[in-house]
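Note that the structure is a prediction, hence the values are computed from the model and not measured. By convention in this document, chain letters (A, B, ...) are assigned in the order of the sequence lines, proteins followed by strands, and residues within each chain are numbered from 1. All values below come from the heavy atoms of this structure, side chains included, with hydrogens, waters and symmetry mates left out.
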Amino acid sequence: MSAATWGWLVLLFPLLGSLLIGFSFRKIPPKVAGAVGIGAIFLAFLCGIGALIAVQGEPSESRHVASSLWEYASVGGFTIDLGIYVDPLSVFMVLVITGVSTLIHVYSYSYMQSDEGYHRFFSYLNFFVFSMLLLVLAGNFALLIVGWAFVGFASYALISYWYRRETATKAGMKAFVINVIGDIGLVLAAILIFRELGVVDYAAVFEKAPEVFSTNQWEVVAICLLLLVGAFAKSAQMPFHTWLADAMEGPTPVSALIHAATMVTAGVYLVARAHPLFELAPTAADLAAWVGVGTLLVAGTIAIVVTDLKRIIAFSTMSQIGYMFVAVGIGAYSAGMFHLMTHAFFKALLFMAAGSIISAMANRQNIDHMKGFGKAMPFTAVMLIIGALALSGFPGTSGWFSKDEIIDFASFRGGMYEVMAVGMLIGAFLTAIYSFRIIFRILPGKPCDEAQYLIDNGHVVHGEPGNPATGELEDTEVGYPGEEHHIAEQAPGMKIGMAVLGFLALVGGLLQIPGVDEVITKFLEPSFEDSIFVNSHPTVAEAWTGLGSGALISIVGIFTAWLLYVKKPGIPSRLEQRLQPVHSLLVNKWYFDEIIDFLIVNPVKAFGRFSNEIFERYVINGLTSGTVGVIRSAGGAVRDLQSGMLRGYAVLMLFGVVGLLLYFLIRSI
Amino acid sequence: MTALLADTTFVEATWILVVKSILIFIVILSVVPVVLLVERKLLGRMQQRYGPNRVGPYGSIQPLADVGKLLSKQSFRPKAAIPFLYEIAPALTIFSAVITLAILPFGDVQGGWGLYGIDVPIGILYFFAFSSIAFYGLLLGGWASGSKYSFLGAMRSAAQLISYEIAMGLSLLGVVMMAGSLSLVDIVKAQGEIWYVVPQIVAFLIFMVAGFAETNRVPFDLPEADAELVAGYQTEYGGMRFGSYMFAEYMEVLIVSGIAATMFLGGWMGPGPSWLDPIWMLAKMLLLTGFFIWIRATLPRFRYDQLMSFGWKILIPIATLNVLVTAVLVVAT
Amino acid sequence: MDIEWYLVLSALLFTIGFTGVLIRRNPVVILLCLELMLSAGALAMLAFSRMLGDQDGQVMVLIVLVVAACEVVVGLGIVVAMFRRRLPLDVDDMKELKG
Amino acid sequence: MTEVAFFVGAIGAIGGAIAVVAMRNPFYSVLALVVHLVFLAGIFLLLRAQFIAAAQIVVYAGAVMVIYVFVAAYVGGIEEPMFDSSPMLRIVGPILAVALFVEISIAVLGSSLTALGTDGSDKIQGGFGTPEAIGKLMLEDFLIAFEAASLLLLVAAVAAIILAGRKKAQKEAA
């Protein structure tokens with residue numbers, strides 16, 4: 001089969017799975033629904049491998065296959081095809097998405113076991129994967145927007161999955177609204193592309209763009225900036241990042257799937273996919289890189305101080321995606337993609353381990369309360385450590401290879417990119433600190449009550465179902481994991497998912513060892529061969545120097561964390577007191593929510609209040625009561641026309657039509 | 001005229017068309033009395049009696065006597081009837097029956113003559129279009145008579161006709177898909193290897209059942225159920241107007257037989273030289289007509305609700321399924 | 001036949017239908033007049049289709065046919081419902097929308 | 001020959017249409033519309049739309065009008081009273097309608113349509129308007145419209161059942 005056929009099959013299975021599970025709600029037992037969900041994604045993964053083989057079987061220059069199934073819309077000679085575009089980049093994304101998703105489905109199979117909405121959950125999950133695959137396989141900007149919007153909706157549905165929980169529905173809405181802002185950017189970009197180039201197919205756009213645009217012409221910069229709005233919103237980059245931390249309201253597998261491994265990387269994919277445009281607009285590309293640097297620093301600093309376990313990981317996600325944006329912004333596309341892949345492995349792993357611990361804590365997420373889980377949950381602890389090592393770029397792990405490749409490339413380009421490299425090194429240092437802050441705070445020490453209970457009884461505390469954000473009690477119908485809830489140590493599904501990801505997080509980096517193999521770069525080469533950076537990359541020696549310094553920074557960071565949280569645990573609190581303003585700035589996430597509230601939400605609200613209280617009451621009401629007499633008398637006159645008589649209306653309509661026609665006839669003379 | 005016939009594959013000179021139409025009309029018109037006689041004889045035999053045997057040798061000119069009787073009767077019109085419509089209704093019925101004869105093929109083009117009225121590309125749709133018109137003949141007859149029994153019969157037949165037309169259309173769809181054409185001539189030609197009665201046996205059975213309903217024959221003769229409705233829509237008719245209804249009914253039996261023979265039994269195909277083709281076609285038609293008569297002698301009448309639920313709940317689903325399966329098979333091969 | 005004949009015929013039929021909508025009060029007849037207007041539209045569509053030698057117009061007529069069938073089904077459903085409730089079958093008596 | 005066919009068809013169609021409007025008994029109006037549709041189908045044949053013509057008869061005359069007949073018979077042939085609550089409509093309506101006709105005619109005849117005064121495009125090939133051609137268009141280019149139309153039909157059928165079907169409460173009361 002051709003690569004395109006495989007591509008369509010990749011899309012087909014998750015959609016079928018979603019529909020099947022959705023429509024067979026309450027007709028098939030939950031276990032079957034879960035199995036169908038897993039099976040659908042796994043089949044998609046197998047088809048992804050099929051596509052990989054098919055693509056690799058072609059000679060390098062013909063590894064781009066565009067396939068159109070249907071004419072989606074055809075207006076005045078302009079057609080949009082329901083078409084996909086299969087090339088190494090999309091195949092790479094498909095493999096990452098379906099691969100990680102399969103594992104997360106396996107994990108959810110156990111994790112959501114006693115949830116009331118099991119069918120709904122798997123239907124949503126499959127739909128999400130379908131949307132994401134549509135996004136990466138789309139063959140033109142129109143279909144990309146469709147996938148983009150589907151992903152936004154799926155994310156909304158999954159974040160608000162426990163719909164009785166007000167914080168969850170609010171978080172869902174926030175994510176949705178911000179995503180829609182991004183959608184608007186994307187739509188405007190597509191419109192602008194169509195206006196300037198007259199086409200929306202990727203291949204045609206990228207072919208025409210260099211002929212039409214000169215470097216940094218304002219149109220192409222505008223297109224890229226609008227694309228970036230979409231990318232930033234979906235990938236939680238400043239200033240559109242505020243939804244990501246709130247999105248942790250969704251079930252933990254959702255956090256792992258959407259907010260770590262797949263959806264948030266859509267922006268990175270978009271920039272990589274549209275790299276011919278960005279290379280024509282270096283200003284926009286630089287902006288993307290700078291925003292990436294800014295986000296990774298801001299998120300890193302926040303992650304050091306927040307205490308909610310899932311939020312720490314969420315901020316670290318933002319920070320890691322910042323790296324990817326830097327990568328695609330400065331032209332290190334395959335490095336960015338490589339980091340995207342390794343990040344998917346270790347971040348999904350971290351979330352899974354965190355979910356396991358959170359369920360053992362009866363849904364409490366504050367790390368201040370967690371202690372001694374190293375003894376209580378050894379398997380989870382090992383997985384958590386692997387994840388943290390990979391995240392902080394410990395030598396030999398996947399994160400080490402991928403993160404430092406980006407930094408190398410930035411310093412290789414020199415100039416202001418050198419500054420970015422320094423920023424990223426500081427970010428790496430922060431990363432090491434906060435990731436080991438998690439480890440050192442919750443694994444060692446005397447077990448806390450819940451952990452002790454687990455050690456003693458072999459199962460988790462049956463806490464009251466409560467909202468982790470507000471602590472309020474809730475009814476169980478929202479889908480509280482339930483009494484029978486299993487923990488990773490015992491549930492096979494969770495164990496399998498974590499073990500495989502743990503393995504990948506450890507060894508995934510071996511695919512891309514400078515000077516040794518560089519599998520990813522070679523594989524993605526055909527997608528980026530038209531890039532102006534295709535032949536410029538650091539030498540092997542430079543790369544190894546960078547890797548060395550990365551290793552050093554990571555070890556120093558881990559040591560610092562050890563110093564702060566194990567050796568002298570008093571330091572953090574003293575620092576906190578000493579630097580009170582800084583700490584509160586960080587704890588409050590740099591007041592981004594407040595700034596946005598102040599700049600946008602409050603003015604709008606105030607305007608609304610003003611309209612309601614002042615304008616409405618005095619101006620409108622005054623006007624109305626003043627004019628109501630006039631209107632009433634006028635209304636009386638018009639009322640006779642509103643006879644309710646059908647034929648009367650028909651006569652009026654005919655009168656209008658006759659009049660209009662007469663007007664046109666007279667005008668045409 | 002050129003515009004009208006632009007897409008027909010084979011058109012002769014106008015005079016040939018006229019001659020042909022008269023010829024077909026004469027043949028069928030002379031077959032109808034024979035069928036009438038055969039029916040009465042056969043029914044008699046099947047019911048352990050002789051049937052007509054007084055007029056002519058073995059009652060052979062009984063139909064002529066009947067026609068003579070009907071012609072000589074007074075054309076009576078009830079007071080409550082609506083004049084114009086009452087008179088035009090039987091004519092409409094016989095018109096729609098006769099006009100359908102045009103598309104029945106009795107043979108391929110032979111010696112510059114197509115042995116059929118006309119070979120229209122819309123083919124079988126033509127048949128359905130005019131059987132839609134036939135409905136108005138019955139309905140007007142029932143309604144314009146100004147009689148309860150007539151009106152009830154007309155309503156029944158209307159509901160029955162449109163219900164069974166769906167199953168009928170669906171059953172023929174399978175054949176059309178296999179042949180890849182709507183034209184009856186093409187469909188016959190496509191049966192060179194195998195008659196469609198074999199692969200489309202389900203469709204054939206459905207078509208025959210629906211055909212019984214379309215022609216108001218036993219066991220679906222509810223519109224004229226004499227025990228309940230006196231004689232249905234034709235209660236108030238007498239003389240040759242009644243004769244027209246009668247003729248139209250038998251002509252429709254012949255037409256349904258003809259369509260069935262064309263669509264399923266290979267039409268004019270048969271052993272022997274090509275001049276035998278019309279004979280073969282006629283033989284197949286008469287064979288199926290005999291089947292109609294046989295069923296009349298055998299089966300009791302349905303109850304009305306049974307008739308409706310049989311049509312909607314059994315025939316239409318089966319016919320739809322048949323279409324689906326055929327479609328899949330046609331695409332697959 | 002010249003195309004404009006068909007178009008003028010279509011306009012005439014449309015006008016007759018519209019007149020019927022205006023002067024008749026029985027909802028069944030009004031629906032019939034709507035059918036007239038629709039078929040006039042179909043005729044125009046076919047004439048244009050013939051004029052341009054493009055069969056898209058014919059497909060459009062088929063779609064109009066379906067839409068007309070839907071309209072009839074719903075419209076007559078309303079008529080039957082009115083009859084069941086013993087409402088007068090006169091559009092002038094349906095004045096719920098009176099201002 | 002074509003001219004004769006056209007005028008026969010046109011006179012029949014116009015006559016039917018006028019009868020629809022003029023007949024006082026709705027049952028006659030229904031029958032008049034059937035006549036109109038049959039003649040119109042003849043005109044469709046002249047425009048080389050034979051499939052549409054057949055479909056028009058099968059669908060309209062064979063199904064749609066049958067429903068009309070049932071409903072007209074069910075609600076009874078109630079004749080409209082001659083009294084009209086709004087007599088103005090009887091005068092204004094037709095005047096406006098005639099104005100509309102005149103305007104459309106002027107627009108059509110005065111326009112610069114290229115095919116005016118001809119039989120239409122001579123580019124059409126054999127097979128124009130045959131079931132094959134229409135079917136191909138319908139299931140390839142217009143599949144979405146086709147599916148939407150079928151969905152619409154389904155919705156309309158459900159709506160009709162709900163509108164006209166007897167409600168449970170009514171049944172129990174009766």
Select one option (side chain, backbone, both, neither) describing which atoms of D:M23 are under 4.5 Å from chain C's heavy atoms. backbone

Highest number of heavy-atom pairs under 4.5 Å with chain C: which of D:I104, D:V98, D:V64, D:L33? D:L33

Can you tell me which portion of C:L13 sits under 4.5 Å from chain D's heavy atoms? Options are side chain, backbone, both or neither. side chain

Is the number of heavy atoms from other residues, nucleotides or ligands under 6.0 Å of D:F146 CZ greater than 12? no

Would you mind checking which part of D:L152 comes under 4.5 Å of any heavy atom in chain C, side chain (CB onward), backbone (N, CA, C, O), both or neither? both

When you measure from the side chain of C:S10 to the backbone N and O of C:G41, does any donor-acceptor pair fall under 3.5 Å? no

Give, as side chain, backbone, both or neither, the part of C:I63 having an atom under 4.5 angstrom from any heavy atom of chain D. side chain

Counting only heavy atoms closer than 4.5 Å, note whether D:F51 contacts chain C via side chain, backbone, both or neither. side chain

So, the part of C:L43 with a heavy atom under 4.5 Å from chain D: the answer is both

Under the side-chain hydrogen bond (donor to acceptor under 3.5 Å, both in side chains) rule, collect the residues that match up with C:T15, sequence neighbours excluded. none

Heavy atoms only, distances under 4.5 angstrom: which of D:A97, D:A63, D:A159 has the most pairs with chain C? Name it, please. D:A97

Would you please indicate if the ring centroids of C:F14 and D:F101 are separated by under 6.0 Å? no

Output yes when a side-chain donor or acceptor of C:R50 lies under 3.5 Å from a complementary backbone atom of D:R48, and no otherwise. no

Atom pair CG/NE2 of C:L32 and D:H36 - distance to nearest 0.5 Å: 10.5 Å

Where does D:V71 contact chain C at under 4.5 Å (heavy atoms): side chain, backbone, both or neither? side chain

Interatomic distance, D:S29 atom OG to D:Y68 atom OH [nearest 0.5 angstrom]: 11.0 Å

Give, as side chain, backbone, both or neither, the part of C:V61 having an atom under 4.5 angstrom from any heavy atom of chain D. side chain

Identify which part of D:I14 has an atom lying under 4.5 Å from any heavy atom of chain C, answering side chain, backbone, both or neither. both

Per-residue contact mode, D:A17 against chain C (heavy atom under 4.5 angstrom): both

Sort D:A22 into side chain, backbone, both or neither according to what part of it lies under 4.5 angstrom from a heavy atom of chain C. backbone

What residue, out of D:A32, D:A49, D:S105, has the most heavy-atom pairs lying under 4.5 Å from chain C? D:A49

Proximity breakdown for D:V155 and chain C, heavy-atom pairs closer than 4.5 Å: neither

Under a 4.5 Å heavy-atom cut-off, does chain C meet the side chain of D:I18, its backbone, both or neither? both

Less than 4.5 Å to any heavy atom of chain D: does that hold for the side chain of C:I30, its backbone, both, or neither? neither

D:L153 versus chain C, the contacting section by heavy-atom distance below 4.5 Å: both

